[in-house]
Trainee: 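My structure is below; once you've seen it, I'll send some questions.
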Amino acid sequence: MSSIKIECVLLENCRCGESPVWEEASNSLLFVDIPAKKVCRWDSLSKQVQRVTTDASVSSVVLRQSGGYVTTIGTKFCALNWEDQSTTVLATVDKDKKNNRFNDGKVDPAGRYFAGTMAEETAPAILERHQGSLYSLFPDHHVEKYFDQVDISNGLDWSLDHKIFYYIDSLSYSVDAFDYELQTGKICNRRSVYRLEKEEQIPDGMCIDADGKLWVACYNGGRVIRLDPETGKRLQTVKLPVDKTTSCCFGGKDYSEMYVTCARDGMDPEGLIRQPKAGGIFKITGLGVKGIPPYPYAG
Ligand SMILES: O=C(O)[C@H](O)[C@@H](O)[C@H](O)[C@H](O)CO
Ligand SMILES: [Zn+2]
């Protein structure tokens, strides 16, 4: 017996909604619309949305321990002051790659901001391959590079014991794991823990739940899937009424709700008529599993 409920809580018409993150202090969901260059904050109590426009594609947003947020804009890590809507550059990557931009990003349990890059797409998932890299912004604002040759740097999260880093390069159609050293932020020993099935399409954003299982949003697959990274088995599939599901996070009371972002870009007019809520923010309740609070950037 399942009491899973899926509702669209906000019709935002995102061209490419991404990077949902729950901010407990304000009972809000933050997310971005990458090509629309918007960072949004939806207040779950008042149902109001505030938006900040950036000067280039904004691909992820994270909480900041010292207040405000940090975002990845173009190829820059930028502090974002919500009050006056100003941004300050903290670091720049891929300076020799003019066609690159950041994509998904998330903070590790030690407060480092991990984010990867990709070449700009000409259409969803169509781009010059192997142009991306994975980086992290340390609390002292220096940047370390982990590897290059990435196609579409996407979902990431850490195991509950902080010993494994999970990572998705979308066009590998695989969810990968690395050994992770919290002290140094170093990663090694890459391996695949799950390969997507054909109908699951393209793995995109990802988050871990309080049982240590992974939730992956499947772009073009219209679903989120729950994976056991230890056995490599899929445990659950939750389908959504939109195809271009991009990312997911837990939020709400005790992190018992899941929020899912999705995209409108790449849909044809008929698709948009069939799926008028494409680009909205979806809430899934009744999953019977909770998430964990997001880590804030420590710098
Ligand atoms: O949301 C993202 O991560 C990318 O920026 C998007 O463009 C799509 O998800 C991608 O095209 C599908 O792989
Ligand atoms: Zn993504």
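One-based numbering, in listed order, for ligands and for the atoms of each. Keep in mind that this is a model prediction, so the values were computed, not measured. Residue numbers start at 1 and run along the sequence shown.
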Trainee: Which N, O or S atoms belonging to the protein are less than 2.8 Å from the Zn ion (ligand 2)?
Mentor: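 As for protein N, O or S atoms lying under 2.8 Å from the Zn ion (ligand 2), they are Glu18 OE2, Asn154 OD1, Asp204 OD1.
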Trainee: What do we get for Arg101 next to ligand 1 when only non-hydrogen atoms under 4.0 Å count, side chain, backbone, both or neither?
Mentor: side chain
Trainee: What are the atoms of ligand 1, with element, lying closer than 4.0 Å to any heavy atom of Ile202?
Mentor: 13 (O)
Trainee: Run the numbers on Asp94 and Thr117 for side-chain hydrogen bond (donor to acceptor under 3.5 Å, both in side chains), then give the verdict.
Mentor: CA-CA 8 Å; Asp94 286 359; Thr117 58; 2.7 Å; yes
Trainee: For ligand 1, which atoms sit closer than 4.0 Å to a heavy atom of Ala125?
Mentor: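 Listed by number with element: 11 (O).
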Trainee: If you measure every N or O of Thr246 against every N or O of ligand 1, does any of those distances drop under 3.5 Å?
Mentor: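 No, there is no polar N/O contact under 3.5 Å.
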Trainee: The criterion is ring-ring contact (aromatic ring centres under 6.0 Å, His included); which residues satisfy it with Phe114, sequence neighbours excluded?
Mentor: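 If we apply the ring-ring contact (aromatic ring centres under 6.0 Å, His included) test to Phe114, skipping adjacent residues, the hits are Tyr146, Trp158, Phe165.
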Trainee: Can you sort out which atoms of ligand 1 are near Ile152, meaning under 4.0 Å from one of its heavy atoms?
Mentor: 13 (O)
Trainee: Under 4.0 Å from a heavy atom of Cys16: give me the atoms of ligand 1 that qualify, with their elements.
Mentor: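 By the 4.0 Å cutoff, the relevant atoms are 1 (O), 6 (C).
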Trainee: For atom 4 (C) of ligand 1, what's the nearest protein heavy-atom neighbour? Residue, atom name and distance, please.
Mentor: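 The answer is Asn103 OD1, 3.6 Å.
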Trainee: Considering the options Ser60, Cys78, Ser59, which one meets the side-chain contact (heavy atoms from CB on, under 4.5 Å) requirement together with Ile73?
Mentor: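 Considering Ser60, Cys78, Ser59, a side-chain contact (heavy atoms from CB on, under 4.5 Å) with Ile73 is found only for Cys78.
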Trainee: Considering only non-hydrogen protein atoms, determine which one is nearest to atom 1 (O) of ligand 1 and report residue, atom name and distance to 0.1 Å.
Mentor: Glu18 OE2, 2.7 Å
